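Each chain gets a letter, A, B and so on, in the order its sequence line appears, and its residues count up from 1. What's counted below: heavy atoms across the whole structure, side chains too, no hydrogens, waters or symmetry copies. Treat the numbers as computed from the prediction; the structure is a model and nothing was measured.
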Amino acid sequence: MTTIRVEEIANYTGQEVTLRGWVYNRTDKGKLVFLLVRDGSGFVQCVAFKGDLPEALFEQIMRLPQESSVIITGPVREDKRAPGIPGGYEIGVRDLQIVQAAAEDYPMALKEHGPDFALDHRHLWIRMPSQWAILRVRATVIAAIREWFDTHGFINMDTPILTPAACEGTTTLFETEYFDEGKAYLTQSGQLYNEANIMAFGKVYCFGPTFRAEKSKTRRHLTEFWMVEPEIAFCDLDQLMEIEEQFVTHIVQRVLRDRGPELRSLGRDLSKLERIAPPFPRISYDEAAKKLQELYEAETDPEKKELLKFEWGIDFGSPHETALTNLYEQPLFVYGYPTQVKAFYMEPWPGRPEVCKSVDLLAPEGYGEIIGGSERMSSYDLLLQRIHEHGLPEEAFKWYLDLRKYGSVPHSGFGMGVERTVAWLCGIEHIREAIPYPRTIKRVYP
RNA sequence: UCCUCGCUAGCUCAAUCGGCAGAGCGGGCGGCUGUUAACCGCUAGGUUCGAGGUUCAAGUCCUCGGCGAGGAGCCA
């Protein structure tokens with residue numbers, strides 16, 4: 001007897017198979033019972049007829065509690081009526097073995113739940129089709145990220161999670177005692193280490209969890225999130241944008257190829273993802289500022305108008321990003337931000353010191369910034385000056401300054417937030433559903 | 001840190017001007033051979049977030065506190 005996975009059920013039409021999984025839902029119709037069974041790879045309907053089975057077994061099936069674990073044997077049939085993911089196939093129950101009859105007080109009803117209740121039961125919530133689908137997409141996004149870098153000459157370099165100091169000085173850090181060495185901090189970026197790594201390996205990326213103790217309380221923020229950060233030697237800002245659009249397009253295509261049923265089950269409009277292709281539009285901060293001014297003047301709703309208020313020199317807020325990206329169907333590059341709103345290590349624009357060679361990639365449909373990147377400063381003297389200007393301890397950056405002493409080259413890199421990317425691809429409201437166990441300012445359980 | 005909103009059955013939510021605490025889902029019992037979060041009948045289920053206060057009477061009004069959500073700022 002072949003034990004199959006639901007995602008490959010189409011290959012077994014007409015065959016007798018074994019399926020191991022959990023009863024997601026049960027609908028009994030008297031002499032007929034429908035079990036919606038999930039096995040981790042999908043959801044499939046299993047149908048039991050009273051006449052086909054021993055009476056005691058049918059009786060058990062009719063009373064099987066939700067989430068009971070079972071091993072089912074029977075023939076695979078194609079049937080358009082059958083629900084499931086991918087759906088369209090069902091298994092006729094010829095035999096069913098109960099591994100465990102679940103307790104009858106399973107708390108997750110098959111309906112909408114409030115966020116607090118759902119998050120308190122995250123360990124069970126992930127069994128539901130929407131959460132299952134999102135996390136399957138996440139796994140594919142991660143695979144696509146590694147696949148692209150690994151096949152484009154990048155070397156994976158894991159940067160430390162425990163770090164001695166702030167990489168960017170501004171953001172709040174999680175702090176911990178570190179033996180006799182004083183304080184250590186959870187990383188908020190591996191970038192500075194990657195700048196060292198490229199001088200040894202040329203092109204590198206790090207990929208891991210990142211921690212920000214910001215008291216951000218929005219649908220776009222987590223205190224623990226995953227970020228992939230490539231860094232490339234001999235690379236300027238224009239080349240960086242080309243890499244970013246190739247990279248993002250690859251992720252979108254891989255997800256469309258491998259996770260269509262999951263995206264459809266989430267109600268995602270796939271046509272909006274299918275049209276993602278290079279080149280992405282590129283506008284300067286100056287052009288963006290002009291467009292925002294026009295949008296501000298055109299806005300009639302006084303509340304929205306207030307949120308769109310903008311003047312040259314400030315960073316974009318979320319309403320600004322949304323308004324800008326709504327003008328485009330592709331992800332949008334905005335480059336050349338004011339130096340004062342960006343980190344200390346960014347290369348100044350030639351002839352315009354008030355602007356730096358930075359670029360953000362804003363996702364369409366109001367999902368906002370998914371990538372932040374820049375060409376890094378290559379001059380020792382200017383970097384030292386910036387470290388002083390930002391009030392950073394020179395001693396802590398001694399090794400970083402060394403990189404500008406021994407074979408400095410123009411180089412660039414970026415960081416992409418995995419959860420924001422997953423939220424965009426899935427079309428979901430809140431980033432907390434894009435990671436298995438979200439950590440927010442108000443939650444570290446479960 | 002600031003602004004806004006919310007907290008009633010296991011869950012999602014009602015409860016008019018301050019006047020008997022309600023429904024659907026989930027649970028239990030029964031019915032039904034094609035259900036799609038099935039449907040139909042019956043049934044059990046309540047410290048209305050907490051502490052004070054006003055009132056003949058408080059889920060509802062007032063004060064303080066707690067918890068949560070959305071947004072701003074900051075960021076990926």
Suppose we call a contact any N or O donor and acceptor under 3.5 Å apart; does that hold for the side chain of A:K442 and the base of B:A69?
no

Roughly how many Å apart are B:C61 and B:A69, using the P atom of each and rounding to a whole number?
24 Å

Base paired to B:U16 (Watson-Crick or G-U; both N/O distances under 3.5 angstrom):
none

side-chain hydrogen bond (donor to acceptor under 3.5 Å, both in side chains) evaluation trace for A:R81 with A:Q45
CA-CA 10 Å; A:R81 296 170 295 183; A:Q45 173 162 279; over 6 Å; no

Of A:N25 and A:H320, whose nearest nucleotide on RNA chain B comes first from the 5' end?
A:N25

Which nucleotide wins on minimum distance to the side chain of A:D315, given the candidates B:G28, B:C75, B:A76?
B:C75

B:U1 phosphate, OP1 or OP2: any side-chain N/O from A:K215 under 4.0 angstrom?
yes

Examine the base of B:C67 for any acceptor or donor lying under 3.5 Å from a partner atom in the side chain of A:D116, and report the outcome as yes or no.
no

With heavy atoms under 4.0 Å as the rule, sort A:I371 into base, sugar-phosphate or nothing.
sugar-phosphate

Ignoring hydrogens and angles, does a donor from either the side chain of A:H113 or the base of B:C11 sit under 3.5 Å from an acceptor on the other?
no

Using the C1' atom on both, measure B:U8 against B:C3 and round to a whole Å.
27 Å

Euclidean distance for P, B:A57 against B:A15 (whole angstrom)
25 Å

Check this for me: does the side-chain of A:E90 come within 3.5 Å of the base of B:G34 through a donor and an acceptor?
yes

What nucleic acid atoms does A:T421 come within less than 4.0 Å of, heavy atoms only: base, sugar-phosphate, or nothing?
nothing

Nearest-Å distance once atom C1' is located in both B:G10 and B:G53
33 Å

Suppose you measure atom P in B:U54 against the same atom in B:C11; what distance do you get, rounded to whole Å?
33 Å

Test for a donor-acceptor pair under 3.5 Å between the base of B:C29 and the side chain of A:R63, counting only N and O atoms.
no

Could you please name the partner base of B:G6, counting Watson-Crick and G-U wobble pairs only when both distances are under 3.5 Å?
B:C67

For A:T210 and B:A76, is the shortest distance between a side-chain N/O and OP1 or OP2 below 4.0 Å?
no

Between A:T223 and A:R439 (side chain of the first, backbone of the second, donor and acceptor by atom type, cut-off under 3.5 Å), is there such a pair?
yes

Go through B:U33, B:G71, B:A76 for me and flag the one nearest to the A:I431 side chain.
B:A76

For B:C32, decide between syn and anti, treating a glycosidic angle within 90° of 0 as syn.
anti

Would you indicate what A:G114 reaches in the nucleic acid, counting non-hydrogen atoms under 4.0 angstrom: base, sugar-phosphate, or nothing?
sugar-phosphate

Just call it for A:H430: base, sugar-phosphate, or nothing, with non-hydrogen atoms closer than 4.0 Å on any strand.
sugar-phosphate

One thing to verify: whether A:D52 and A:K31 come together as a salt bridge, which I'm taking to mean a side-chain N less than 4.0 angstrom from a carboxylate O.
no

Nearest 0.5 angstrom please: A:Y335 OH to A:L361 CG, how far?
14.5 Å

Using Watson-Crick geometry (N1-N3 plus N6-O4 or O6-N4) or G-U wobble (N1-O2, O6-N3), each under 3.5 Å, B:U47 is paired with none

Pair partner, B:G73 [Watson-Crick or wobble, under 3.5 Å]:
none

Picking from B:U35, B:U33, B:G71, which would you name as closest to the side chain of A:K31?
B:U33

Paired with B:G41 by Watson-Crick or G-U wobble geometry, both distances under 3.5 Å: which nucleotide is it?
B:C29

Between B:G30, B:A76, B:C75, spot the one nearest the side chain of A:M227, thanks.
B:A76

Among B:G27, B:C75, B:G34, the one nearest any side-chain atom of A:F34 is B:G34

Would one find more than 12 heavy atoms of other residues, nucleotides or ligands at under 6.0 Å from atom NZ of A:K305?
yes

Heavy-atom donor-acceptor pair, A:S216 side-chain to B:C75 base, under 3.5 Å:
no

State which of B:C11, B:A37, B:C75 makes the closest approach to the side chain of A:F117.
B:C11

Have a look at A:Q45 and say if it touches a base, only the backbone sugar-phosphate, or nothing, with a 4.0 Å heavy-atom cut-off.
base

Between B:C32, B:G34, B:A76, which nucleotide has the shortest distance from any of its atoms to the side chain of A:V47?
B:G34

Would you call A:N326 and A:T322 a side-chain contact if the rule is heavy atoms closer than 4.5 Å?
yes

Which whole-number value in Å describes the distance from A:K217 NZ to B:C3 C1'?
12 Å

Under a 3.5 Å limit for both distances, which nucleotide forms a Watson-Crick or G-U wobble pair with B:U55, could you say?
none

Please determine, for the side chain of A:R220, which listed nucleotide (B:A69, B:U1, B:A72) has the closest atom?
B:A72

Name the closest nucleotide to the A:A109 side chain, picking from B:G26, B:C75, B:G24.
B:G26

Nearest heavy atom decides the nucleotide; on that basis, is A:L32 or A:P107 closer to the 5' end of RNA chain B?
A:P107

What integer number of Å spans the C1' atoms of B:G30 and B:U48?
33 Å

Selected nucleotide, minimal atom distance to A:R432 side chain, candidates B:G34, B:C75, B:G70
B:G70

Rounding to the closest angstrom, what is the interatomic distance between B:A72 and B:G19 at atom C1'?
42 Å

Does A:Q239 use its side chain to pair, donor to acceptor, with the backbone of A:D236 at less than 3.5 Å?
yes

C1' gap between B:G52 and B:G41, integer Å
47 Å

Give a yes or no on whether the backbone of A:I428 and the side-chain of A:H430 come within a donor-acceptor separation of less than 3.5 Å.
no

